[in-house]
Amino acid sequence: MKAAIIILSDPKAGEEALGRMFNGLAAAYDFKQKGTEVGIYFEGTGTRWPGALADKAHPIHALYKAVEDKVVGVSCGCADVFGAREEVEKAGFDLITDNSVPGTSGLPSIAQIVADGYTVFNF
C-alpha cells in the first residue's frame, strides 16, 4: 500500500482545521513508522500550513518536523490563489504543477497520484 495525505484545511479556520492538520500529520507519521510509502501534499487553503508550522512554538511543530521529509510538495495554483507562495518557497518545498487547470499555474494531479498506486486521504 502507498498513501497520499492531502491537507486542505485552513490554519486560519480555528480548532477544527488544527484537528484536521494534526490528524493528517499523525496518519502520515503512522504510515512512516510502519514503513509504508507516504507522501504529503498541501492544497487549497492548506497551502498556508507550511508557513504556520515553521514556527517552533506551534503546538504541532514537532509532529510536522517528524514527517517533513514526506512532504511531496505544495499546489502551485492553490498557493498563488491563497497567498501562500512566498511562505512555501521560503520553506523550500516544491510547487507542483502536474495538472494544468485552465487559469491557474497548475495543481497536483490526483489522477496521477492514484494511477501511481496511492490511496488518497483528505484532511
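Start at 1 with the first residue, then count along the sequence.
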Item checked: Evaluation steps, side chain to side chain contact (heavy atoms under 4.5 Å, CB included), between L25 and L53 -> CA-CA 11 Å; L25 294 184; L53 294 174; 4.2 Å; yes

Check: How are the rings of F42 and F93 set relative to one another: parallel (under 30°), tilted (30 to 60°) or perpendicular (over 60°)?
Finding: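 Rings of F42 and F93: tilted, as their planes differ by 30° to 60°.
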
Margin query: Under the criterion side chain to side chain contact (heavy atoms under 4.5 Å, CB included), I'd like the reasoning laid out for Y64 against H58: C-alpha separation, chi angles, the key distance, then a yes or no.
Written below: CA-CA 10 Å; Y64 172 65; H58 196 282; over 6 Å; no

Got a second to check how far [X]'s [atom1] is from [Y]'s [atom2], nearest 0.5 Å?
{"X": "T45", "Y": "K12", "atom1": "OG1", "atom2": "NZ", "result": "9.5 Å"}
{"X": "E86", "Y": "E89", "atom1": "CD", "atom2": "CD", "result": "8.0 Å"}
{"X": "I6", "Y": "F123", "atom1": "CD1", "atom2": "CZ", "result": "10.5 Å"}
{"X": "N99", "Y": "I110", "atom1": "CG", "atom2": "CD1", "result": "8.5 Å"}
{"X": "T47", "Y": "R85", "atom1": "OG1", "atom2": "CZ", "result": "11.0 Å"}
{"X": "T119", "Y": "K2", "atom1": "OG1", "atom2": "NZ", "result": "10.0 Å"}

Using every non-hydrogen atom in the two residues, find where [X] and [Y] come nearest and quote the distance to one decimal.
{"X": "G44", "Y": "C78", "result": "N-SG, 3.2 Å"}
{"X": "I7", "Y": "G24", "result": "CD1-CA, 4.1 Å"}
{"X": "C76", "Y": "T97", "result": "CB-CG2, 3.5 Å"}
{"X": "I113", "Y": "A4", "result": "CG2-CB, 3.6 Å"}
{"X": "P11", "Y": "A52", "result": "CB-CB, 4.3 Å"}

Note to self: Taking the side chain as everything from C-beta on, heavy atoms only, tell me whether T104 gets closer than 4.5 Å to V81.
What the structure shows: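 No; the side chains remain at least 4.5 Å from each other.
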
Notebook entry, point to check: CZ of F82: more than 12 outside heavy atoms within 6.0 angstrom?
Noted result: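 Buried by this count: over 12 neighbours within 6.0 Å.
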
Checklist line | Same cluster (ILVMFWY, side-chain, under 4.5 Å), I5 and M1 | finding: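 Yes.
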
Notebook entry, point to check: Are M21 and Y41 connected in a single hydrophobic cluster, I mean Ile/Leu/Val/Met/Phe/Trp/Tyr linked by side-chain heavy atoms less than 4.5 Å apart?
Noted result: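 No, because Y41 and M21 fall into different hydrophobic clusters, even though each may have its own neighbours under 4.5 Å.
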
Margin query: Please evaluate residues K32 and I40 with respect to the criterion side chain to side chain contact (heavy atoms under 4.5 Å, CB included), reporting the C-alpha separation (whole Å), side-chain torsions for both, the decisive distance (0.1 Å), and the verdict.
Written below: CA-CA 11 Å; K32 179 179 174 179; I40 302 168; over 6 Å; no

Notebook entry, point to check: Taking the six-membered ring for Trp, is the centroid-to-centroid distance between F121 and F31 below 6.0 Å?
Noted result: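 Yes, the ring centres sit under 6.0 Å apart.
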
Strictly distance-based, threshold 3.5 Å: is any side-chain N or O of [X] a donor or acceptor partner for the main-chain N or O of [Y]?
{"X": "R20", "Y": "L8", "answer": "no"}
{"X": "D116", "Y": "Y118", "answer": "no"}
{"X": "N23", "Y": "G19", "answer": "yes"}

Margin query: Working note: V72 + I96, criterion side chain to side chain contact (heavy atoms under 4.5 Å, CB included); need CA distance, chi angles, decisive distance, verdict.
Written below: CA-CA 9 Å; V72 176; I96 303 173; 4.1 Å; yes

